[in-house]
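Quick notes on the structure that follows.
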Amino acid sequence: MEINKLIEKYLPKIEKEFISYLSTFDDRVYSIYLVGGAIRDILLGISPNEIDIAIKGDFDSFIEELNKNSNIKIIQTTKFGTSKINFKGKLIDIANTRTEAYIPKGSLPKIHQLSVSIEKDLYRRDFTINSIAYSLNYSEN
């Protein structure tokens, strides 16, 4: 199965445009991934309603780079290494790869480490089916 063909077929136009923009980032500085439910939906032949992006690298610098693009409006950035952006009317969540714990359960996460491997990041995710990622860096595909 060629994931690029499935992304081309099922990912909506604006989201494709955004991930195409992300693929231009230097892969020696940032590892960028499409993660979670969007990948699940694409594999199931469903057009996803939203996309989530995970990045390994300096999160603040990454957000600064995004902010230079006139089509992107940074809506919110948190101390947890997450940001919500608006790209041409589409809301997109971006998160720095991380390890975390919820102590006590139901509380806000305690971040152990930011900018970890995608494998460590996926391990922390809530549902096994959402623990999938696709690299948007050309050199990793």
Which heavy atom of I3 sits nearest a heavy atom of Y134, and at what distance? CG2-CE1, 2.9 Å
Between D121 (side chain) and R98 (backbone), is there a donor-acceptor pair under 3.5 Å? yes
Answer yes or no: is there a donor N or O on one side and an acceptor on the other, between the side chain of S115 and the main chain of G57, under 3.5 Å? yes
Full working for side-chain contact (heavy atoms from CB on, under 4.5 Å) between E64 and D58: CA-CA 10 Å; E64 285 177 26; D58 184 320; over 6 Å; no
Can you get from I32 to V116 by hopping between Ile, Leu, Val, Met, Phe, Trp and Tyr side chains that sit under 4.5 Å apart? no
Kindly compute the distance separating CD1 (I63) from OG1 (T82), expressed to the nearest 0.5 Å. 9.0 Å
Can you confirm whether N49 is buried at CG, in the sense that more than 12 heavy atoms of other residues, nucleotides or ligands lie under 6.0 Å from that atom? no
Approximate separation, where rounding is to 0.5 Å, of L66 CG and L22 CG: 6.5 Å
Which atom of S135 lies closest to which atom of Y33, heavy atoms considered: CA-CD2, 3.6 Å
Return the minimal non-hydrogen interatomic distance between E8 and K16, and the atom names on each side. O-NZ, 2.7 Å
Nearest 0.5 Å, please: how far is OG in S83 from CG in D60? 10.0 Å
When hydrophobic residues are tied together by side-chain contacts of less than 4.5 Å, even through go-betweens, does I75 share a cluster with F87? no
Nearest-0.5 Å distance that lies between atom CG in L122 and atom NZ in K120: 13.0 Å
CD1/I39 to CD1/I51 distance, rounded to the nearest 0.5 angstrom? 9.5 Å
Flag the pair E65 and K68 as a salt bridge only when some basic side-chain nitrogen lies within less than 4.0 angstrom of an acidic carboxylate oxygen. yes
For N137 and Y30, which heavy atoms make the closest approach, and how far apart are they? ND2-O, 3.1 Å
Quick one: do I94 and F59 satisfy side-chain contact (heavy atoms from CB on, under 4.5 Å)? Show the steps, please. CA-CA 9 Å; I94 301 173; F59 192 73; 3.8 Å; yes
Between V29 and I55, is there shared hydrophobic-cluster membership here, with clusters defined by ILVMFWY side-chain heavy atoms closer than 4.5 Å? yes
Drop me the distance from D27's CG to L136's CG, to the nearest 0.5 angstrom. 11.5 Å
Ignoring hydrogens and angles, tell me if any N or O in the side chain of D52 forms a donor-acceptor pair with the backbone of A38 under 3.5 Å. no
Closest heavy-atom pair, Y10 versus I42, reported as atoms and distance to 0.1 Å, is CD1-O, 3.9 Å
Would you find a donor on one side and an acceptor on the other, under 3.5 Å apart, between the side chain of T97 and the backbone of I118? no
May I ask you to decide if the ring planes of F25 and Y21 are parallel, tilted or perpendicular, using 30° and 60° as cut-offs? perpendicular
So, for K88 and I14, which heavy atoms are closest and what is the spacing to 0.1 Å? O-CD1, 3.7 Å
